[in-house]
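Here is the structure we will look at, set down as structure tokens.
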Amino acid sequence: MALTRDQIATRVAQEFKDGDYVNLGIGIPTLAANFVPDGISVMLQSENGLLGMGPNPTEEQVDADMINAGKETVTAVTGASIFSSAESFAMIRGGHVDITVLGAFEVDVNGNIASWMIPNKLIKGMGGAMDLVAGAKNIIVTMTHADKHGNSKLLAECTLPLTGVNCITKIITDLAVLEVKNKAYYLLERAPGVTVEEIKEKTAGELVVPDNVPEMQF
Amino acid sequence: MALTRDQIATRVAQEFKDGDYVNLGIGIPTLAANFVPDGISVMLQSENGLLGMGPNPTEEQVDADMINAGKETVTAVTGASIFSSAESFAMIRGGHVDITVLGAFEVDVNGNIASWMIPNKLIKGMGGAMDLVAGAKNIIVTMTHADKHGNSKLLAECTLPLTGVNCITKIITDLAVLEVKNKAYYLLERAPGVTVEEIKEKTAGELVVPDNVPEMQF
Amino acid sequence: MAGFDKVVTSYADAMAGLNDNMTIIAGGFGLCGIPEGLIAQIKTMGTSGLTIVSNNCGVDDFGLGILLEDKQVKKMVSSYVGENALFEQQLLNGELEVELTPQGTLAEKMRAGGAGIPAFYTATGYGTPVGEGKEVKEFNGRPYILEESITGDFAIVKAWKADRYGNCIYRHTAQNFNPMAATAGKITVVEAEEIVEPGELDPAHIHTPGIYVDRVILGTFEKRIERRVLAK
Amino acid sequence: MAGFDKVVTSYADAMAGLNDNMTIIAGGFGLCGIPEGLIAQIKTMGTSGLTIVSNNCGVDDFGLGILLEDKQVKKMVSSYVGENALFEQQLLNGELEVELTPQGTLAEKMRAGGAGIPAFYTATGYGTPVGEGKEVKEFNGRPYILEESITGDFAIVKAWKADRYGNCIYRHTAQNFNPMAATAGKITVVEAEEIVEPGELDPAHIHTPGIYVDRVILGTFEKRIERRVLAK
């Protein structure tokens, strides 16, 4: 069975190590904050200038001056720091954020990612995504393996305008966990009950399948 | 009579306008802070990260964490701000300091200045001087008109390694006030009792002398 | 210290000198930390042909979005403009130009503009449409693109507290682009929630030293929240 | 939050991993705001062949100057090294190399190194010995030189207060180069006058967010004054 959004987020959160500084994109990546494993602490960076982002506020805590990069009201955790956008992206561009998790329209076997623009359709802008993929030490892309028409999002070569080149190393989808290297997708894990055949079918770029592909553990 | 150091500093301070942010180099420039005219307020910038430098401290006020760019103990005035060296030079390089006053070994008619290095003799470094001459809106050089052997410091072309090119517009010496433009020194004022002849004699670069050269007013 | 008192008492004085076809650098992220009264004054003045450098362009009826109604904006330099239907319409009609700029590059362009750095290299945008036509240079085997800095005729900034000398502090994440914007205007105007006397702000806590600031005005702020999300 | 507790209790732990021929970025201006105990530890370790990036090199018997005694330093990158007789002697003997760098360029090189900017243009040094051999480019009719950023294997930083997560604040002008140094080390070590619990520092007052810091140690400081000048 393909994973639910919460299950994908749970698998993403297994990538976190204790003490990681993490930037989570909008959507499934943000959900990962709810599934951080026991014994692991991470500190969330929000690119509008907050290190140590906490949960959304209660009614009493709501403060218009306290928002995240998705423009949602948030709180700060104990030990947080707040700074300018220039300082925030100095952190990001300078490689100080340990893990960035973000969604994508497409990725390819060169580690390229397209996530911000669909010509003649979506022209809202890239926000901080280009800086994040250029700067983070470890970038995880999370998305559905194929679009709603069944077309693979794991391509040999991206067709949409790129967000960044040669930067993606790990992909966590509703079907599988894959590593990108040597111009191919290496299948590391499959979702419980999902067959290697289905993953092959929905992966357009070259897929390398080891003899044994374990199921994800939750 | 050639001006004393205090008199040079007094003439320098006449250049200040109310509300100017001013950076003063070591030596005579620093003295100018003591002669700011009545009704004029300036705020002193010290390039190690202090805007609003005050006088040296009393015995009780001395604080090792409170120094100026000359490494002397200082105080801060009311309304001061303290920041990093990167921020300090952002101000300087970005042209936010209104007036910089500094000493020099030599200047020339191209507005070049040499103030930091005498080959095989003085190799201490340029400190912040190169940033100051590259960045300030208005740079005033103050020095003796000639060295102790009577050799002019106002040259046609500098002989020592430069601190900056094409940046000096005004020179205040013990003999005269001059403007640098059109590859010449324009004599604006002479020290009380100093003749145009003496100034001509001690100016190696081309000197433009108007019909009437007023004496400096103190 | 009369020469350092930067407080003005009318919005007309605050924005005096703003003319058609000028460039304005604006602080704020979404609707957070925006100089509401200064934006309203620009609308009142009716200045047109403006280039506005701001991470976002507000929403249809609030923030910089209100300058679209009378087509005062010629060009936006922004990282994200997705909250605004009028914006999209004017863009598709060709009435508005947009230069989409990665958020970190935008922040750094403003900082560099204020700091006398005309250009810098960044890996951000290399190999993407953002990098097209830009100079590329390798450092340690990695390609980077050259990005030029930005300055404006005016910068409009929203502070929490400002003193009469223009020293500013920002509140929480309303800081965002404001400190860089403050450095990048030929004339920098700060609209503050509170104006205090010099000396009331701790010198070590000042986010924007007064040297960058030309005018300070006391504002009142609606502080609209774009996405009010509560704890479950 | 065990993973974020960066406090170490010995200087040996604080500087563990420092090896010969490494590059160290050091905060401080003159003798103000220098990590005295970390410098002493480097002397104790006897590490040699070091490249040290620091605005100054201390004085003969204090600050970075003490590393000259046993010839631990191969190269200094500094703006001003005039306070130190041993320095001058080793320089003239060819035992020490120095790369004189304008103070603002040095500060910006550290900042850029930490911020992922490999190079930037500045007018500082154009037409002088500093500009020799560097790429020149005109912007708006003015020539600028290209300066590359600096990073180090270690950064050593002196803070006033640090919390266990590595968030730091600096006191008065002891801030100087420390915030940039903190961003530019592969391993950044902070020596603080006081270590506090997370939450004790106001998030808006933190000069160096903990993300840049790997280790924090409690120090005791002599805080020698280089030029004690009193009001007349």
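Residue numbering restarts at 1 for every chain, and letters A, B, ... go by the order of the sequence lines. Values below: every heavy atom of this structure, side chains too, minus hydrogens, waters and symmetry copies.
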Fill in: Full working for ring pair (Phe, Tyr, Trp, His ring centres under 6.0 Å) between A:H96 and A:Y21
CA-CA 8 Å; A:H96 304 279; A:Y21 295 97; 9.7 Å; no

Worksheet item: Can you tell which of A:Q45, A:R93, A:K17 has the highest number of heavy-atom pairs within less than 4.5 Å of chain D?
Response: A:R93

Fill in: Part of D:R111 within contact of chain A (heavy atom distance under 4.5 Å)
side chain

Fill in: Pick from D:D163, D:L201, D:I117 with the largest number of heavy-atom pairs that fall under 4.5 Å of chain A
D:I117

Item to complete: Can you tell which part of A:D20 gets under 4.5 Å to a heavy atom of chain D, answering side chain, backbone, both or neither?
Response: backbone

Worksheet entry | Considering all heavy atoms, the nearest D:A14-D:F154 contact | O-CE2, 4.3 Å

Discussion item. Is A:A134 close to chain D through its backbone or its side chain, or both, or neither, when contacts mean heavy atoms under 4.5 Å?
Written reply: neither

Item to complete: Taking atom types as modelled, find out whether D:S54 and D:S78 have a side-chain donor-acceptor pair closer than 3.5 angstrom.
Response: no

Practice prompt. Please determine if D:K158 forms a cation-pi arrangement with D:F221, meaning its NZ or CZ atom is less than 6.0 Å from the six-membered ring centre and no more than 45° off the ring axis.
Written response: yes

Practice prompt. List the steps, then state whether ring pair (Phe, Tyr, Trp, His ring centres under 6.0 Å) holds for D:Y144 with D:F139.
Written response: CA-CA 7 Å; D:Y144 294 80; D:F139 296 91; 5.8 Å; yes

Discussion item. I need the residue from D:G199, D:G114, D:A204, D:A112 with the largest number of non-hydrogen atom pairs under 4.5 Å to chain A.
Written reply: D:G114

